[in-house]
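Predicted, not measured: the structure shown is a model, and the values here were computed from it.
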Amino acid sequence: MPLNLRIALIPLYLMLLACVLAISVPPARAEVAITFPQAVQQSAMVIGRVPPGSKVEYAGRELRVTGYGTVVLGVPRDAQAEVTVKVTPPDAAPQEVAIRVEPRAWDVERISGVPPRTVSPPPEIAERIRREQAEVSASRGRDDPRTDFVEPFVWPVKGRISGRFGNMRVYNGTPGAPHSGMDIAAANGTPVVAPASGVVTFANPDLYLTGGTLLLDHGYGISSNFLHLSRIDVEIGQRVEQGEVIGAVGATGRATGPHLHWGMNWFDVRLDPLLVLECSADR
């Protein structure tokens, strides 16, 4: 090949080399910042972002991280001052993220007309209650890699809030534990829908305290429970989509009238469903 032709082809060679390099060398992965809310309320569900592949620790537990770096955790009702999340990004030093916890004022709710045997049960009934509650608690221990919890939650039934999460309860004059969910007053038989998609992990129509009881797992330790149901329309292991009917409002178990008790958990940490709804509305 003549020298002058070889010289003329040099720009073409360089252009082809640049194309090969552009194809064979992947672009650098975009950096994901560690992002958590600066402040949350007691009993809040908290969603954060970390670099994919990070190790995240909170409350003595290593959290599951999605492939795109999302994590979820729950702040207890009695958390004080702040909670700390430890994040170790890939090939980087650990970092501690402090989230300020804003305290809430908890009211006292006095409930009369409750069947006395459900307030002070005899020993054989107390053992049944213990056994049933242990079964329910075991269902909350799942850590499925499903991200249904990222859906904006919707109301499972529309109605007046007749009982608020976290308030101290007094049954027939006897102090009880703080209310573990939100009560929504509705007519007996009103359809209850899934507030977010998930998998049914527990279903029993006749628990002593909570009557018709259903648990729906939303993945990563987040779950919803629905109590006092008059009817359960799904079965354990079934996948349900947001808005699908899962049961009906009732007054079974320890209840003075028809309503839906909707509770939420992050593993064994109780969450306030109303805060989750408010957070979903802000997205």
Side-chain angles (χ1 to χ4, degrees), residues 40-46 59 73-79 101 103-111 114-115 118-119 121 126 128-142 149 153 155-157 159-172 174-186 192 195-196 198 201-204 207-218 221-229 246-247 249-279:
V40 298
Q41 295 186 58
Q42 293 169 322
S43 69
M45 181 178 80
V46 180
L73 56 91
V75 175
R77 173 188 180 277
D78 57 354
V101 178
R104 301 173 62 181
W106 307 107
D107 294 333
V108 176
E109 296 178 355
R110 302 184 183 277
I111 303 173
V114 177
T118 65
V119 178
R128 174 186 170 184
I129 294 172
R130 185 205 63 77
R131 184 177 65 253
E132 291 175 346
Q133 294 306 302
E135 293 175 1
V136 173
S137 295
S139 298
R140 296 191 178 110
R142 293 177 58 143
F149 69 89
F153 280 66
W155 289 75
V157 67
R160 175 180 58 87
I161 298 177
S162 56
R164 294 187 176 274
F165 171 90
N167 286 350
M168 296 300 299
R169 288 200 146 183
V170 179
Y171 297 97
N172 297 353
T174 301
H179 193 210
S180 62
M182 177 172 69
D183 288 345
I184 307 171
V192 175
T201 58
F202 185 91
N204 190 310
L207 296 192
Y208 189 81
L209 288 181
T210 56
T213 301
L214 176 67
L215 263 69
L216 188 61
D217 184 270
H218 306 296
I222 300 294
S223 63
S224 288
N225 58 83
F226 310 92
L227 314 183
H228 311 300
L229 299 172
I246 55 178
V249 171
T252 55
R254 184 167 69 182
T256 58
H259 71 280
L260 175 68
H261 171 110
W262 174 27
M264 288 191 66
N265 276 65
W266 177 70
F267 297 110
D268 60 347
V269 176
R270 306 279 190 179
L271 306 177
D272 185 349
L274 189 57
L275 291 184
V276 177
L277 287 171
E278 291 173 350
C279 181

Contacts of R131 that satisfy salt bridge (charged side-chain N to carboxylate O under 4.0 Å, His left out) - sequence neighbours left out | none
Nearest heavy-atom neighbours spanning Y208 and E132 = N-OE1, 2.8 Å
Output, in order, the C-alpha distance, side-chain angles, deciding distance and verdict of side chain to side chain contact (heavy atoms under 4.5 Å, CB included) for F165 and L274.
-> CA-CA 8 Å; F165 171 90; L274 189 57; over 6 Å; no
Quick one: do D107 and R169 make a salt bridge, cutoff under 4.0 Å?
-> no
Work out which heavy atom in F267 is nearest to a heavy atom in G141; give both atom names and the distance.
-> CE2-O, 3.9 Å
Partners of R270 by salt bridge (charged side-chain N to carboxylate O under 4.0 Å, His left out), sequence neighbours excluded?
-> none
Determine yes or no for a side-chain-to-main-chain donor-acceptor pair under 3.5 angstrom, with T252 supplying the side chain and L229 the backbone.
-> yes
Residues forming a side chain to side chain contact (heavy atoms under 4.5 Å, CB included) with A255, sequence neighbours excluded = H228, A251, H259
Taking atom CZ of R128 as the centre, does the number of heavy atoms from other residues, nucleotides or ligands within less than 6.0 Å exceed 12?
-> yes
Closest non-hydrogen atoms of A79 and V101, given as atom of the first, atom of the second and distance, are O-CG1, 3.7 Å
What do the steps show when you test D272 against R104 for salt bridge (charged side-chain N to carboxylate O under 4.0 Å, His left out), and what is the final call?
-> CA-CA 12 Å; D272 185 349; R104 301 173 62 181; 2.9 Å; yes
Have H179 and N167 got a donor and an acceptor in their side chains that come within less than 3.5 Å?
-> no
Can you tell me if E109 uses its side chain to pair, donor with acceptor, with the backbone of G163 under 3.5 Å?
-> no
Using side chain to side chain contact (heavy atoms under 4.5 Å, CB included) as the criterion, list what pairs up with S137, not counting sequence neighbours.
-> R140
With sequence neighbours left out, write down each residue that passes side chain to side chain contact (heavy atoms under 4.5 Å, CB included) with P178, or none if nothing qualifies.
-> R77, M168
Verify, without hydrogens or angle tests, whether S139 (side chain) and E135 (backbone) share a donor-acceptor contact under 3.5 angstrom.
-> yes
Assess whether side chain to side chain contact (heavy atoms under 4.5 Å, CB included) is satisfied between T210 and V136, documenting all intermediate values.
-> CA-CA 11 Å; T210 56; V136 173; 5.9 Å; no
Who pairs with R160 by salt bridge (charged side-chain N to carboxylate O under 4.0 Å, His left out), at least two apart in sequence or on another chain?
-> none
Answer with yes or no whether the side chains of S224 and H218 bring together a donor and an acceptor at under 3.5 Å.
-> yes
